[in-house]
Number of protein chains: 2
Amino acid sequence: MRKGEETRTRILDVAEAAVLQKGFGGTSIEELIAETGITKSGFFYHFRDKNELAKALLNRYIENDERIYDEIFSRARDLVDDPLQSFLLGLKLLSELLSDLPNGHPGCLVATVCYYERLFDREIQETNRNAVLAWRRRFGRMLRDIMEVYPPREPVNIDQLADMVSSVLEGGIVLSKTLKEPNTLAEQVLMLRTFVKMLFLPAAEMPRA
Amino acid sequence: MRKGEETRTRILDVAEAAVLQKGFGGTSIEELIAETGITKSGFFYHFRDKNELAKALLNRYIENDERIYDEIFSRARDLVDDPLQSFLLGLKLLSELLSDLPNGHPGCLVATVCYYERLFDREIQETNRNAVLAWRRRFGRMLRDIMEVYPPREPVNIDQLADMVSSVLEGGIVLSKTLKEPNTLAEQVLMLRTFVKMLFLPAAEMPRA
DNA sequence: TCCCCTCCTGTACCGGCGGTACAGTTTTGA
DNA sequence: TCAAAACTGTACCGCCGGTACAGGAGGGGA
């Protein structure tokens, strides 16, 4: 009962790394069982088929992703009271976390699934959609708190601004991976931070350099 | 000789649509030949293997992409002289072009290849890398022209700012596709436009509302 | 102690797919 | 008209996803 979970986790670990490098179609079950040291029957004992594996993989990825954001932004809230300063600190912490990844960001499963839509069932696509909507709600909540204190310099739609955070993260990952420049992603997050800062911080409180 | 090119193009058209929906691994050669009405031998007459197909697909996609940016931003330069206003107009035109796509953006092959890195040879990865670097140079050139006239409100690295354009486009595509909200991508481009505008336009020339 | 449930292994098999080989046929442009 | 270009047809290989099913190790509870 404990043992089963452990094997399952090991399969998911190996599968996640492989899928992020080669996509779902490029990852064979045979290579997964070779690397985990399990038999084919063993694999199918844990996952009915590849779709089931994808589902488990995506759910685990999203949960972990949410946990990381929870930690970062709740830590930022603990350190400073002001909603704007707290959000800016959160982005700073996020960028530091990303630039500390030894081999750069491995890739986002949400993006992988997005580029594989037709291969999976509706449930997976719905899960993926909800993950992005959760990001929108999360960042939207924080931005609305900021808006109550700081009037934006330009009129902006909060949901669209919240989506901008997700966009820059997803796009930054693609750029970082493609360029093989691990730091690009962290830099993009800091650039977004500059945007948010400029949008909400009154000119008087904004020193040059 | 003319006929050959035509068939080749038809294969590439079908393949591009399929790959953007299901990824390379999820697209079978058999389905491509079924849809183009060609035989398997016919297919392999045009492309030695799947890697060769991917190479042709990516090169064609990048060329087309560059052509579109050339058109949009040269048209923007024709319409207004000021480098900042011209760039802002270009982003507006781009966002309009994107929101006019009937079924939303079909996806970016550069991102697809990026999430498939280990499946292709070095040449394809290098092509992909160069495509992103070309974007950086393109937007960087325009931003440098702006910088010569308008001092930025905040100190920013031009290459990183140029990358921000690519990030928002790539990320916006992922969001748009995942959410099945075709308009999200165009909105993200406009949000980026707001950022650029705020960064370079002097406060005096920036009316509220 | 026995038994049952979880967690696997082993073996055999199927059909689809990427890819090869190669001979033959039609189409087309100079 | 003739050669090259652009295919078709057929046969075959090995890998992979997936199915089916029998059986076994090991631990925990009655």
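To find a chain, count down the sequence lines: A is the first, B the second, and so on, and within it residues start at 1.
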Enquirer: Assign the ring pair B/Phe87 / B/Phe73 to parallel, tilted or perpendicular, where the plane angle (0 to 90°) is split at 30° and 60°.
Expert: parallel
Enquirer: Can you list the residues that meet the salt bridge (Lys or Arg N to Asp or Glu O under 4.0 Å) rule with B/Arg77, with sequence neighbours excluded?
Expert: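 B/Arg77 satisfies salt bridge (Lys or Arg N to Asp or Glu O under 4.0 Å) with no other residue.
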Enquirer: In terms of side-chain heavy atoms of A/Ile29, which of D/dT8, D/dG17, C/dG10 is nearest?
Expert: D/dG17
Enquirer: Round to the nearest Å and state the distance from B/Ile11 atom CD1 to C/dG18 atom P.
Expert: 14 Å
Enquirer: Between A/Arg193 and A/Glu187 (salt bridge meaning N to carboxylate O under 4.0 Å), is one present in this structure?
Expert: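 No salt bridge links A/Arg193 with A/Glu187.
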Enquirer: Nearest of D/dG17, C/dC8, D/dC7 to any side-chain atom of B/Tyr45?
Expert: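 Output: D/dC7.
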Enquirer: For DNA chain D, whose closest nucleotide is more 5', that of A/Ser41 or that of A/Phe24?
Expert: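 It is A/Phe24, whose closest nucleotide lies nearer the 5' terminus.
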Enquirer: If I take atom CZ in residue B/Arg8 and atom P in nucleotide D/dC7, what distance separates them, rounded to the nearest angstrom?
Expert: 12 Å
Enquirer: When the distance from CZ of B/Phe43 to P of D/dA6 is rounded to whole Å, what number comes out?
Expert: 16 Å
Enquirer: Rounding to an integer number of Å, can you tell me how far A/Asp49 CG sits from D/dT19 P?
Expert: 7 Å
Enquirer: Measure from the side chain of B/Glu30, starting at C-beta and using heavy atoms only, and say which of C/dC8, C/dG19, C/dG18 lies closest.
Expert: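 Of C/dC8, C/dG19, C/dG18, C/dG18 is nearest to the side chain of B/Glu30.
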Enquirer: Between D/dT8, C/dG19, C/dC8, which nucleotide has the shortest distance from any of its atoms to the side chain of B/Ile38?
Expert: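 Taking heavy atoms from C-beta onward, the closest nucleotide is D/dT8.
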Enquirer: Just how far, in rounded Å, is C1' of C/dA12 from CZ of A/Phe44?
Expert: 15 Å
Enquirer: Is the shortest side-chain N/O distance from A/His46 to OP1 or OP2 of C/dC7 below 4.0 Å?
Expert: no
Enquirer: Measure the distance from CD1 on B/Ile33 to P on D/dG9 and round it to the nearest whole Å.
Expert: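 Checked: the CD1 to P distance equals 11 Å.
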Enquirer: Taking 4.0 Å as the cut-off, does a side-chain nitrogen or oxygen of A/Thr7 come that near to OP1 or OP2 on C/dC8?
Expert: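 Indeed, a polar side-chain atom of A/Thr7 lies that close.
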Enquirer: Go through the side-chain N and O atoms of B/Gln188 and A/Ser167 and say whether any donor and acceptor fall under 3.5 Å apart.
Expert: yes
Enquirer: Taking CD from A/Glu31 and P from D/dG17, how many angstroms apart are they, rounded to a whole number?
Expert: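 These atoms are roughly 8 Å apart.
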Enquirer: State plainly whether the residues B/Glu126 and B/Arg129 are in salt-bridge range, i.e. N to O under 4.0 Å.
Expert: yes
Enquirer: For D/dG18, does the base pair up with any side-chain atom of A/Lys40 as donor and acceptor (N or O, under 3.5 Å, distance only)?
Expert: yes
Enquirer: Measure the distance from CZ on A/Phe47 to P on D/dC16 and round it to the nearest whole Å.
Expert: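 About 19 Å, once rounded to whole Å.
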Enquirer: For A/Ser28, report the nucleic acid contact type (base, sugar-phosphate, nothing); a contact means any heavy atom under 4.0 Å.
Expert: sugar-phosphate
